[in-house]
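For the numbers below, each heavy atom of this structure counts, side chains included, while hydrogens, waters and symmetry mates do not. Values in this document were obtained by computation on a predicted structure and should not be read as measured data. Along the sequence shown, residues carry numbers from 1.
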Amino acid sequence: MPEPKLAPNRWDPEFERELLRAWEGEPALYAYTPERGPTYVIDTPPPYPSGDWHPGAVVAYSLIDMIARSQRMLGKAVVFPFGLDQNGINIERTVEKKYAKPLHEWDREAFIAKCREEIAGIGEGILTIAKRMGMTADFAHTYRTDSDEYRAFSQAIFIGLFNQGLFYRGERPSFYCVACETPLAEADIVYEELPSKLAWIRFPLKGGGSVTIATTRPELLPACRAVIVHPDDERWRASVGKTAVMPLFGNEALVRAHPEARIDFGSGAAMICSYGDIVDVRLFRDLQLEPVKAIDERGRMTAVAGPYAGMKVEAARSAVLRDLESGGFVEKVESILHKTPLCERSRTPVEFLSSEGWYLRQLEFRDALKRLADEMAFHPPRHRQLLLDWIDSLTIDWPISRRRFYHTEIPLWYCKACGLVLVPKPGTYYRPWKDPAPFDECPNCAGTSFAGEEHVFDTWMDSSCSNLWVTRYGKDEGFFEENFPTHLRTQGREIVRTWLYYTTLKSWLVRKQKPFQHVFVHGLGLDARGRAMHRTLGNYLPADPLIEKFGADAMRFFAASETGPGEDFRISEDKIGGAQKFITKLWNVARFVSSFPPLPAGKLLASDEWILAELNALVAECRGAFEEFNLFVPANRCREFLWNRFAPHYVEMVKARAYEGHGGAVHTLHAVLQDLLRLLAPIIPFCTDKIWREVYGGSVHSEVLPSIRAGVREELTKLTPEIEGFNSEVWRVKKERGVSLGQPIDGLAVPDLLKDFAEDLKRMHRLA
């Protein structure tokens with residue numbers, strides 16, 4: 001038997017490190033080269049460095065790299081940026097926890113320095129894993145959202161929109177996290193069913209009688225300004241128009257008939273206070289009620305709560321309920337599950353507090369944004385509805401100001417004499433809390449003393465500029481005009497309501513255009529039982545040990561083959577180990593084929609034409625799937641083709657001819673191997689490149705995806721079931737007779753339907 005050119009007898013994940021070093025020495029391999037073909041820009045999610053890179057994110061980003069690689073092999077000049085989203089509350093909370101000191105007790109400059117120091121190492125850890133996984137992003141130009149350059153870019157877009165009148169300042173109730181001590185946008189909220197107590201409380205009515213309300217927030221009684229009952233609720237019709245007196249506190253509230261009251265919930269009567277939930281916010285506005293602030297920004301009761309002032313909300317709730325029960329005002333208390341809004345980052349129950357801040361207009365653009373959603377091609381298409389549903393659910397304009405430190409600053413100053421808001425020219429990174437005002441005098445009153453804005457942007461104000469950044473908006477207008485809308489946005493399902501929505505809004509306000517031509521939305525990485533991975537659950541699998549044990553290619557093949565587009569994927573060592581077995585199989589088959597020096601086609605026999613016809617079908621299906629960003633199809637179809645058709649059937653049918661140097665057999669073996677390597681290269685770049693370099697020279701990543709071969713008799717694929725069925729039958733009979741597969745057997749004949757394959761089949765099975 002000839003010696004294989006692929007010398008190692010097994011695939012070793014350690015080869016991946018050799019290839020990484022080789023790729024580093026070949027920068028042109030993955031670089032953006034306009035001569036390669038039409039430019040193709042991918043807007044990738046800049047990961048947030050907040051600790052170990054979650055294995056679900058590592059898998060998801062490898063999917064994004066597969067798309068970038070496949071687009072290069074489809075003839076595109078791919079712009080594949082990589083960023084790190086280094087602004088925000090997550091890193092601030094990491095520093096607060098590490099030093100056991102809340103943000104607002106820090107000197108601002110010192111806190112910012114600690115955040116920058118903390119996040120630098122975490123960000124480098126993400127980059128190390130991304131490179132180890134074989135990602136081909138433009139790491140040499142990694143952008144960071146906390147860099148002066150990016151922050152100046154984000155501020156410049158704000159300034160442009162500000163000058164169009166799209167921002168306004170106002171004091172209004174908004175979502176507020178008392179742990180983070182900052183207002184929140186609706187996209188920062190998650191809802192969970194949490195246990196709660198529904199108290200039925202009797203409010204005395206002036207003039208006699210009472211009305212019983214049901215509430216989960218008794219601590220807000222001092223902020224109650226109305227009681228509502230449904231117009232059709234016979235139980236409380238007589239109380240409408242009367243005045244209810246709050247037990248313990250003495251404040252009064254008019255009982256009103258209102259359709260918002262729910263006959264089927266609790267007692268049917270509800271107190272309207274400032275503010276228990278979003279319904280309270282709306283009714284205070286609609287009924288023109290005067291709000292009372294009962295909870296402060298630290299989550300403690302204010303002076304209006306009387307003896308409960310200074311208590312945290314939970315403690316006050318228990319104390320008020322206890323005192324109401326002692327006073328005989330409580331009819332009953334029910335244990336219920338209550339849909340509770342939580343801050344996504346701190347998991348703290350959200351309050352609705354009135355505070356002054358800057359808002360970006362968004363509600364008036366909902367119809368336009370839904371139109372843009374319909375103009376973008378979603379992969380999978382069903383995930384468009386996630387964006388549409390979110391747009392429909394919005395109830396307030398976007399509160400973009402935060403009372404934090406490690407974010408991009410809002411670039412505004414205020415004239416101390418007349419209060420005029422002054423906005424600077426774009427292009428510079430501004431820190432109004434620290435930098436001198438870039439104005440000589442106020443254009444309104446000629447004042448020369450200014451106060452800088454101390455609030456910062458919501459982090460999504462920066463992230464929503466990413467597609468403008470990667471298409472060089474404001475820097476290279478020629479490139480921007482050619483590549484906007486951006487060709488592709490890749491992201492997770494969980495940030496459709498944030499990153500995708502805010503980018504769509506920002507692009508509409510800046511350009512009146514859709515942000516992307518295509519949107520690829522992947523699922524979430526869960527544990528083997530379908531649960532979210534958390535260290536507290538004991539089900540967290542760090543990415544580093546998995547990569548070290550199985551190799552990046554096994555992780556990547558698992559990612560592609562595990563689920564269809566947009567589906568969640570369950571991460572388990574067993575499944576990654578199964579992916580590694582396929583890579584071993586590919587290596588073994590390639591090693592066998594490498595035993596024969598490639599030859600010209602020569603005369604192709606029926607067996608050769610048959611497998612080439614099957615190969616054509618595989619190529620057509622896989623190319624179409626790559627064009628649709630469907631990685632599940634090429635991963636699984638190539639595995640099935642190699643494992644169930646090429647290796648057990650064709651290779652065994654032509655082994656004898658190959659050993660004899662038959663041109664048709666040897667040529668076809670290499671043709672199939674080369675096309676398989678090219679089809680699999682975006683998915684498992686290490687093993688495919690190692691094989692290609694050893695057997696053919698050069699890199700498989702310089703190749704294009706294979707095309708359908710002309711002159712092949714496609715009708716031969718109709719005989720595939722017959723060929724595979726005959727082979728299986730021979731193997732079955734040999735097993736029954738106790739004859740080894742390599743030994744002759746008599747009494748079996750090739751059916752007439754397969755007469756063109758008879759010579760290969762007889763030699764394969766050693767038929768008498």
Side-chain angles (χ1 to χ4, degrees), residues 6 8-23 47 52-66 69 125-136 522-531 533 535 538-563 567-591 631-632 634-636 638-640 642-643 647 676-677 679-694 700-701:
L6 198 59
N9 59 15
R10 57 184 289 272
W11 168 253
D12 186 343
E14 193 60 32
F15 295 154
E16 294 177 350
R17 298 189 187 279
E18 298 173 10
L19 288 159
L20 287 172
R21 290 190 289 271
W23 295 344
D52 290 346
W53 208 14
H54 193 283
V58 174
V59 168
Y61 276 76
S62 70
L63 293 173
I64 297 170
D65 180 66
M66 294 175 210
R69 286 177 175 275
I126 287 177
L127 292 174
T128 298
I129 292 178
K131 293 173 184 176
R132 177 65 185 86
M133 285 295 291
M135 286 191 66
T136 55
H522 61 75
L524 305 179
L526 309 174
D527 74 1
R529 292 166 55 187
R531 302 173 300 170
M533 278 191 180
R535 286 185 175 83
N539 65 344
Y540 186 80
L541 293 174
D544 267 338
L546 292 175
I547 299 169
E548 287 305 307
K549 182 175 182 179
F550 298 106
D553 265 357
M555 290 275 286
R556 291 172 66 104
F557 191 79
F558 155 78
S561 63
E562 178 62 16
T563 54
E567 299 288 347
D568 294 342
F569 45 92
R570 300 188 180 193
I571 301 174
S572 76
E573 291 203 34
D574 286 345
K575 290 181 178 179
I576 299 170
Q580 189 183 49
K581 290 178 182 176
F582 168 71
I583 296 167
T584 299
K585 181 70 171 180
L586 175 63
W587 180 267
N588 292 340
V589 171
R591 191 166 186 268
L631 303 160
F632 179 79
N636 285 289
C638 286
R639 172 164 56 188
E640 292 162 7
L642 175 72
W643 212 305
L676 275 173
L677 293 175
L679 289 174
L680 287 165
I683 299 170
I684 47 173
F686 293 97
C687 183
T688 53
D689 203 31
K690 175 70 171 176
I691 294 169
W692 193 279
R693 287 171 185 266
E694 296 288 335
V700 72
H701 303 303

Item to check | Minimum heavy-atom distance Ile547-Ala552, with the two atoms named | outcome: CG2-N, 4.1 Å
Checklist entry - Name the one of Cys687, Pro685, Pro682, Ser561 that satisfies side-chain contact (heavy atoms from CB on, under 4.5 Å) with Arg556? => result Pro685
Checklist entry - Are the side chain of Asp65 and the backbone N or O of Thr136 linked by a donor-acceptor pair below 3.5 Å? => result yes
Next on the checklist: Quick one about Asp553 and Trp11 (side-chain donor to acceptor, distance below 3.5 Å, no hydrogens or angles considered), yes or no?
Outcome noted: no
Next on the checklist: Restricting to non-hydrogen atoms, name the atom on Ile683 and the atom on Ala560 that form the minimum distance, rounded to 0.1 Å.
Outcome noted: CG2-CB, 3.8 Å
Item to check | Side-chain ion pair, Glu16 and Arg132, N-O less than 4.0 Å | outcome: yes
Checklist outcome for this item: Heavy-atom nearest pair, Gly523 first then Phe569, reads O-CE2, 3.6 Å
Next on the checklist: Do Ser572 and Phe558 have side chains that approach each other closer than 4.5 Å (heavy atoms only, starting at C-beta)?
Outcome noted: no
Checklist entry - Side-chain contact, heavy-atom cut-off 4.5 Å: Ile583 with Trp587? => result no
Item to check | Smallest separation among heavy atoms of Pro55 and Ala543, with atom names | outcome: CA-CB, 4.3 Å
Item to check | Distance, nearest 0.5 Å, that separates CD1 of Ile571 from CG of Leu526 | outcome: 7.5 Å
Checklist entry - Which distance, rounded to the nearest 0.5 Å, do you find between the SG of Cys638 and the CG of Leu677? => result 10.0 Å
Item to check | side chain to side chain contact (heavy atoms under 4.5 Å, CB included) between Ile129 and Tyr61, worked out | outcome: CA-CA 10 Å; Ile129 292 178; Tyr61 276 76; over 6 Å; no
Item to check | side chain to side chain contact (heavy atoms under 4.5 Å, CB included) assessment of Trp643 paired with Lys581 | outcome: CA-CA 11 Å; Trp643 212 305; Lys581 290 178 182 176; 4.3 Å; yes
Checklist entry - Between Glu548 and Arg17, does at least one N-O distance fall below 4.0 Å, as a salt bridge requires? => result yes
Checklist entry - Which value, rounded to the nearest 0.5 Å, describes the distance between His54 atom NE2 and Met533 atom CE? => result 6.0 Å
Checklist entry - About how many Å separate CD1 of Ile64 and NE2 of His522, when rounded to the nearest 0.5 Å? => result 5.0 Å
Checklist entry - Looking at side-chain heavy atoms only, is the closest gap between Ile576 and Lys549 below 4.5 Å? => result no
Checklist outcome for this item: Closest non-hydrogen contact found for Tyr540 with Asp52 is OH-CB, 3.7 Å
Checklist outcome for this item: On a heavy-atom basis, the closest approach of Ala647 and Val589 is CB-CG2, 4.0 Å
Item to check | Test item: Asp568 side-chain N/O and Leu524 main-chain N/O as donor-acceptor pair under 3.5 Å | outcome: yes
Checklist entry - Between CG of Leu680 and CE of Met66, what distance do you get to the nearest 0.5 Å? => result 11.0 Å
Item to check | Note, Glu18 side chain near Lys690 side chain (heavy atom, < 4.5 Å) | outcome: yes
Checklist entry - Does the side chain of Leu586 reach to within under 4.5 Å of the side chain of Phe557, using non-hydrogen atoms? => result no
Next on the checklist: Can you tell me how far apart OG1 (Thr688) and CZ (Arg693) are? Round to the nearest 0.5 Å.
Outcome noted: 10.0 Å
Next on the checklist: Quick check against the 3.5 Å criterion: does Trp692 have a side-chain atom that pairs as donor or acceptor with the backbone of His701?
Outcome noted: no
Checklist entry - Between the side chains of Arg591 and Asn588, does any donor sit under 3.5 Å from an acceptor? => result no
Checklist entry - Under 4.5 Å between any side-chain heavy atoms of Leu546 and Val58, yes or no? => result no
